[in-house]
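The structure appears right after this line, and notes come after that.
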Amino acid sequence: MQYRMSELFLRTLRETPADAEAASHSLLIRAGYLRRAAAGSYTWLPLGLLALNKVTAVIREEMNRAGFQEVHFPALLPKEPYEATGRWSEYGPALFRLQDRRGADYLLAPTHEEMFTLLVKDLYSSYKDLPISLYQIQTKYRDEARPRAGLLRGREFVMKDSYSFDIDDAGLEVSYQKHRDAYQRTFDRLGIKYVIVSAQSGAMGGSASEEFLAPAQAGEDTFVLSEGGAANVEAIVIAPTAAINFDSLPAAQVHDTPSTATIDTLVEFSNSNPELRIDRSWSAADTLKNVVFKLTNQQGDVRALAIGVPGDREIDMRRLEAAVYPEVVSPFAEEDFAKHPKLVKGYIGPQALGLNSPSKIQYLVDPRISVGSSWITGANAAGKHVFNLVMGRDFQADGNIDVAEVQVGDNCLVPTGKVLELARGIEVGHIFQLGRKYAQALDLKVLNENGEQVTVTMGSYGIGVTRAVAVIAEQHHDEKGLRWPRSVTPVDVHLVIAGKDEPLFNGATKLAAELNQAGLSVIIDDRMGVSVGVKFNDAELIGIPTIIVIGKKYADGQVELRDRFAEQSIDVPIDEIVATVKQLS
RNA sequence: CGGGGCGUAGCGUAGUGGCUAGCGCGCCUGCUUUGGGAGCAGGAGAUCGGGAGUUCGAAUCUCCCCGCCCCGACCA
């Protein structure tokens, strides 16, 4: 295929659009791949569509190679299946709902678990039919509260979603692993750098779950790399500190600590007051901070929850939200304190907390608050703190909760070992073992070898296809523009005619034909009256990895070969150029 | 949904009560120019996000609405 720049439907922009923050967003707009249609929905221009189709093709090949079969559902669906699983209401405002002319409810599918489950139920009824994995590449709709960064979070986006169906847990494990392997091959081929992290299963239900996160500054997820693996911060499990003997520890003692309602002021006061001095200085890590939240469950009932964390840590709201799901967290406001006179803001101590205490507020502590650990903490009276308050001796908790912010050096069970690094990533794939939630809700059963009805167990696996395009752009660009990996480049060769003489145009036309003959698609920059500077800049912005310049040296039988990933260009004899380029891809 | 910001031509922007809304890029016509975003001359393109109000006079002030972007909470 040949595309002539003089005819290609695009307009490159010299300046960054004011509303584009992420590199992928800005470059895809500037290079003429995309136009915004509405918040979170984009029009694909010819070059963009070529890139999207390349990405789609790689994904499809890998799914087929793994033995998964492609189907295609409508995006417009009736509400009934979603009512059966409860998601018609549970999905909340993120679901696009609409009505037909008769007033019947429909939705634009945000994901298709229900439909796949019903399809298998419709056709299959024996264990002999299983396992089966089906997938589709399809447009999804989610009324996102906040579409972001161009393609990174859209309200309309393309997703590859697969579903596996197995007779038992062992089978699910195998199907899951097959998808995991297929995903690794897929992302490797797409040129996406990724980390597989343990994930929270969240709203989908189910157990084992891993995410493919593409490390990128523009990413919305935070993950950790540890000595033994990687995990989304929401899924991290901190190793509990071992209990120690507290027989020799000094008794708890209440001290006046006026105006110390914050950890900083408390530490400063403790260190500057001779009476409180010890053989080292106090630090925030010696203090026990107790924070109260309100939790609202799905029925709308509100309860209070107190959380104790070491004073040098903040509570990570994402981890807290994930830990208490489906209850929703909100801050404990002034009026809530008014309802609980036992709680002295800034001086809350564990003695006033717990289901068995007068406050009856559930009290959960960080796993580092272990039996035998000793703390400075609130004495439940304004201007007073208690020192040497020992867990297991002077106070108890109702249990543990692991929601403190994670820091480098933390010791984890998931992922194993010490935290080495925290980083941002874009979730480009997610695989999980759904289990029987949907099969149960929709009554998907097959007969086993004993003639008994058995509920099928499922896995669900997604790749954000349009998001993957953005991730590639995010990970592969330089200050000049995009740089497509050769596996997904919209076009193989960008042929720049650097000059206005007729022989150059004729030579370029001939070369383009030869490249086509060799199976390579070509953009020819044949624009008249456009200076070479503009052509070079556009070529670099558009990001085709192989650029051939046909210019000055053409008369001597040479063209210039530029690799967007290499430092320098080389001169290649015209009769060798096709073979040379062919080798690159 | 909470917080912050922004809406002037395809893009980037100036203009904070006063004449015909200015500039750069892009676009059109002509001439010239062609190895790193050329030059000259001429030209087209804007209901200043929408509505209501204040005023002799509104892009500019007030109110309401809409849209967009960023941070946070949710997801491929």
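From a predicted model like this one, the values you see are computed outputs, not experimental measurements. Proteins come first, then strands; the chains are lettered A, B, ... in the order of their sequence lines, and each starts at number 1.
Mapped onto RNA chain B by nearest heavy atom, A/Arg153 and A/Gly150 fall at different nucleotides, with A/Gly150 at the one closer to the 5' end. Where A/Met159 and A/Gly40 meet RNA chain B, the nucleotide closest to each residue was compared, and A/Gly40 sits on the side nearer the 5' end.
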- Sequence-aligned protein contact record of nucleotides 27-43 of chain B, with B where the base is within under 4.0 Å of a protein heavy atom and S where only the sugar-phosphate is: -------BBBBS-----
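Within the structure, side-chain hydrogen bond (donor to acceptor under 3.5 Å, both in side chains) pairs that include any residue of residues 42-57 of chain A comprise A/His25-A/Tyr42 (at least two apart or interchain).
Taking atom C1' in both B/rG35 and B/rU16, one finds a spacing of 48 Å when rounded to whole Å. With P as the reference atom, B/rU60 and B/rA52 are 13 Å apart, rounded to whole Å. Only the P atoms considered, B/rG7 is 14 Å distant from B/rC11, to the nearest whole Å. When the C1' atom is used for both B/rU34 and B/rG18, the distance is 48 Å, rounded to whole Å. Of the P atoms belonging to B/rG51 and B/rU47, the separation is 11 Å, rounded to the nearest Å. For the C1' atoms, the distance linking B/rG15 with B/rC31 amounts to 35 Å, nearest Å. Rounded to whole Å, the separation between the C1' atoms of B/rA46 and B/rC64 comes to 25 Å. The P atoms of B/rA58 and B/rG50 are separated by 15 Å, rounded to the nearest whole Å.
With rounding to whole Å, A/Ile192 atom CD1 is found 12 Å from B/rA76 atom C1'. If you take CD1 of A/Ile431 and P of B/rC75, they are 18 Å apart, rounded to a whole angstrom. The interatomic distance linking A/Arg35 (CZ) with B/rG26 (C1') rounds to 12 Å, in whole Å. Note: CG (A/Leu151) to P (B/rA76) measures 17 Å, nearest angstrom. Look at CG on A/Leu34: it is 19 Å from P on B/rG10, rounded to the nearest Å. A/Phe293 has its CZ atom 13 Å from the P atom of B/rA73, to the nearest Å. Atom-to-atom, CZ of A/Phe223 to P of B/rC75 comes out at 19 Å; the value is rounded to the nearest Å. Rounded to an integer number of Å, the gap from NE2 of A/His25 to P of B/rC70 is 7 Å.
A heavy-atom distance below 4.5 Å is found between the side chains of A/Leu515 and A/Ile548. A/Leu561 is listed as a side-chain neighbour of A/Ile577, based on a closest heavy-atom distance under 4.5 Å. Under the 4.5 Å side-chain criterion, counting only non-hydrogen atoms from C-beta, A/Ile524 is not in contact with A/His494.
Counting only Watson-Crick and G-U wobble pairs whose two key distances fall under 3.5 Å, RNA chain B forms stems of three or more stacked pairs at B:1-7 with B:66-72, B:10-13 with B:22-25, B:27-31 with B:39-43, B:49-53 with B:61-65.
Aromatic ring centres of A/Trp484 and A/Tyr33: separated by under 6.0 Å.
Across all their heavy atoms, A/Ala470 and A/Leu152 have their closest contact at CB-CD2, 3.8 Å. Across A/Leu541 and A/Leu13, no two heavy atoms sit closer than the pair CD2-O, 4.1 Å. Contact detail for A/His112 and A/Tyr163: the closest heavy-atom pair is N-OH, 3.2 Å.
In this model, a donor atom of one side chain and an acceptor atom of the other lie less than 3.5 Å apart for A/Gln177 and A/Asp181.
The environment of NZ in A/Lys553 is sparse: at most 12 heavy-atom neighbours from other residues, nucleotides or ligands sit within 6.0 Å.
No engagement by A/Arg527 is indicated, since no non-hydrogen atom pair under 4.0 Å with the nucleic acid exists. A/Gly32 comes within contact range of no nucleotide atom at all, as no heavy-atom separation falls under 4.0 Å. A/Ala214 comes within 4.0 angstrom of no nucleic acid atom, judged by non-hydrogen atoms across all strands.
Tested against A/Glu70 for a side chain to side chain donor-acceptor pair (under 3.5 Å), the candidates A/Lys160, A/Gln136, A/Arg60 yield a single pass: A/Arg60.
A/Arg148 has a side-chain polar atom (N or O) that falls below the 4.0 Å cut-off from OP1 or OP2 of B/rC71.
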